[in-house]
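All figures in this text were calculated on a predicted structure; none of them were measured in a lab. In this chain, numbering begins with 1 at the start of the sequence shown.
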Amino acid sequence: MSPRSPSVNEELRRRSRERILQATVDLVSTHGYEATTLGDIAERAGTARGLISYYFPGKRQLLQAAVHRLMHLTLEEALEREPRTEDGRERLARAIDAILGLAVARPTLMRTHMAGILQAEGFVQCQEQQRLAFLLRDTVTRYGSEDVDTDYPLLRALLMGAVVAVLLPGAPMPMARLRWELFQRYGLGWEQGAPPDGGPPDSAPVVRLGQSSKSK
């Protein structure tokens, strides 16, 4: 049997890494961070325990990479869903809805992720985080930002704050209210993106398509 080509080996490594990341998301979402071991993840991914250590220096770094991958895939799917659009305001609305939707759909996973980011090591600079950052920067650019280097970090901070507010134990903020606040800030219409059932919050003025919140 002839040896595998470098390209085949690279593809096998990519698939193995993605299985590990997906297994991490599935197990932490179901059982929580502390109850999920690297052995559990290896068994779920169908790979050797030592391979996880080869790809990731520790469990916390693995979790961040796994969540960043999930966020990237979720955001990419939202931005490219039919009907496809190049409209920057619609794409920003979809991006906001995608990230807030993850907080609602996977609270245990996202709460654990945010807690990890607030620890000393902060963000893990991995390829998954870089892909997510590229999509968000591109969204800000298409929205019409004249200073992406300032506006992208601001959008990221606002989204992180909204996710924390949705997940805050004992005092969560309603997702619809947080969505409305973000949409108002960016002059987006409530009907853009993927609006939640029930309409905007009570007493909240609705920004319609083509109407900036500054013109109200």
Just how far is it from atom [atom1] of [X] to atom [atom2] of [Y], taken to the nearest 0.5 Å?
X	Y	atom1	atom2	value
Ile52	Ile20	CD1	CD1	5.0 Å
Met110	Leu167	CE	CG	7.0 Å
Arg111	Leu168	CZ	CG	8.5 Å
His31	Thr37	NE2	OG1	10.0 Å
Leu79	Thr85	CG	OG1	10.0 Å
Arg137	Asp151	CZ	CG	10.0 Å

Please examine the side chains of [Y] and [X], heavy atoms only from C-beta on, and report whether any two atoms are closer than 4.5 Å.
X	Y	result
Leu21	Leu62	yes
Ile41	Thr47	no
Arg106	Leu70	yes
Thr108	Ser29	no
Arg69	Gln129	no
Tyr152	Asp147	no
Met160	Ile117	yes
Gln64	Gln61	no

At their closest point, which heavy atom of [X] faces which heavy atom of [Y], and how far apart are they?
X	Y	answer
Gln192	Ala93	CB-CB, 3.7 Å
Met71	Ile99	CE-CD1, 3.9 Å
Asp40	Ala35	OD2-O, 3.6 Å
Ala98	Thr74	O-CG2, 4.1 Å
Arg44	Ala23	CG-CB, 3.5 Å

For His68 and His72, run side-chain contact (heavy atoms from CB on, under 4.5 Å): C-alpha distance rounded to whole Å, both residues' side-chain angles, the deciding distance at 0.1 Å, then the answer.
CA-CA 6 Å; His68 284 142; His72 167 257; over 6 Å; no

Give a yes or no on whether [X] and [Y] share a hydrophobic cluster (residues Ile, Leu, Val, Met, Phe, Trp, Tyr; joining criterion: side-chain heavy atoms under 4.5 Å apart).
X	Y	value
Tyr143	Leu158	yes
Leu73	Val163	no
Leu75	Leu159	yes
Val28	Phe56	no
Leu102	Val164	yes

Are more than 12 heavy atoms, taken from residues, nucleotides or ligands other than Glu43, located less than 6.0 Å from that residue's CD atom?
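Open.
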
Taking everything shown except Gln125 itself, do over 12 heavy atoms lie less than 6.0 Å from its CD?
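Enclosed: over 12 neighbouring heavy atoms sit under 6.0 Å from CD of Gln125.
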
Just checking, is any N or O donor in the side chain of Ser53 or Arg49 under 3.5 Å from an acceptor N or O on the other one?
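Looking only at side-chain atoms, Arg49 and Ser53 do form a donor-acceptor pair, the distance falling under 3.5 Å.
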
In terms of side-chain heavy atoms, does Thr141 have a donor or acceptor partner in Asp138 at a distance below 3.5 Å?
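Side-chain D/A pair, Thr141 to Asp138: absent.
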
Over-ring placement of Arg185 relative to Trp180, 6.0 Å and 45° cut-offs
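Here Arg185 fails the 6.0 Å and 45° test against Trp180.
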
Measure from NZ or CZ of Arg13 to the centre of the six-membered ring of Tyr54, then state whether that distance is under 6.0 Å and the direction lies within 45° of the axis.
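Because its charged atom misses either the 6.0 Å distance or the 45° angle limit, Arg13 does not stack over Tyr54.
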
Could you walk me through whether Ile96 and Leu188 pass side-chain contact (heavy atoms from CB on, under 4.5 Å), step by step?
CA-CA 11 Å; Ile96 292 171; Leu188 306 176; 4.0 Å; yes

Evaluate the side-chain contact (heavy atoms from CB on, under 4.5 Å) criterion for residues Trp190 and Arg179: first the C-alpha distance (whole Å), next the side-chain angles of each, then the deciding distance (0.1 Å), finally the verdict.
CA-CA 9 Å; Trp190 179 262; Arg179 180 186 193 267; 3.3 Å; yes

If only atom types and distance count, is the side chain of [X] paired as donor or acceptor with the main-chain N or O of [Y] below 3.5 Å?
X	Y	result
Tyr33	Leu109	no
Gln119	Gly116	no
Arg142	Leu92	no
Glu90	Gly193	yes
Ser16	Leu12	no

Should Asp97 and Phe183 be marked as a side-chain contact (heavy atoms from CB on, under 4.5 Å) after you check the CA-CA gap, both sets of side-chain angles, and the distance that decides it?
CA-CA 10 Å; Asp97 283 339; Phe183 272 41; 4.0 Å; yes

Output yes when [X] and [Y] qualify as a salt bridge under the 4.0 Å nitrogen-oxygen rule, no when they do not.
X	Y	result
Arg14	Glu18	yes
Glu80	Arg94	no
Arg91	Asp87	no

For Arg19, run the side-chain contact (heavy atoms from CB on, under 4.5 Å) check against Arg17, Gln22, Arg15 and tell me which one passes.
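Of all the options given, the one that passes is Arg15.
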
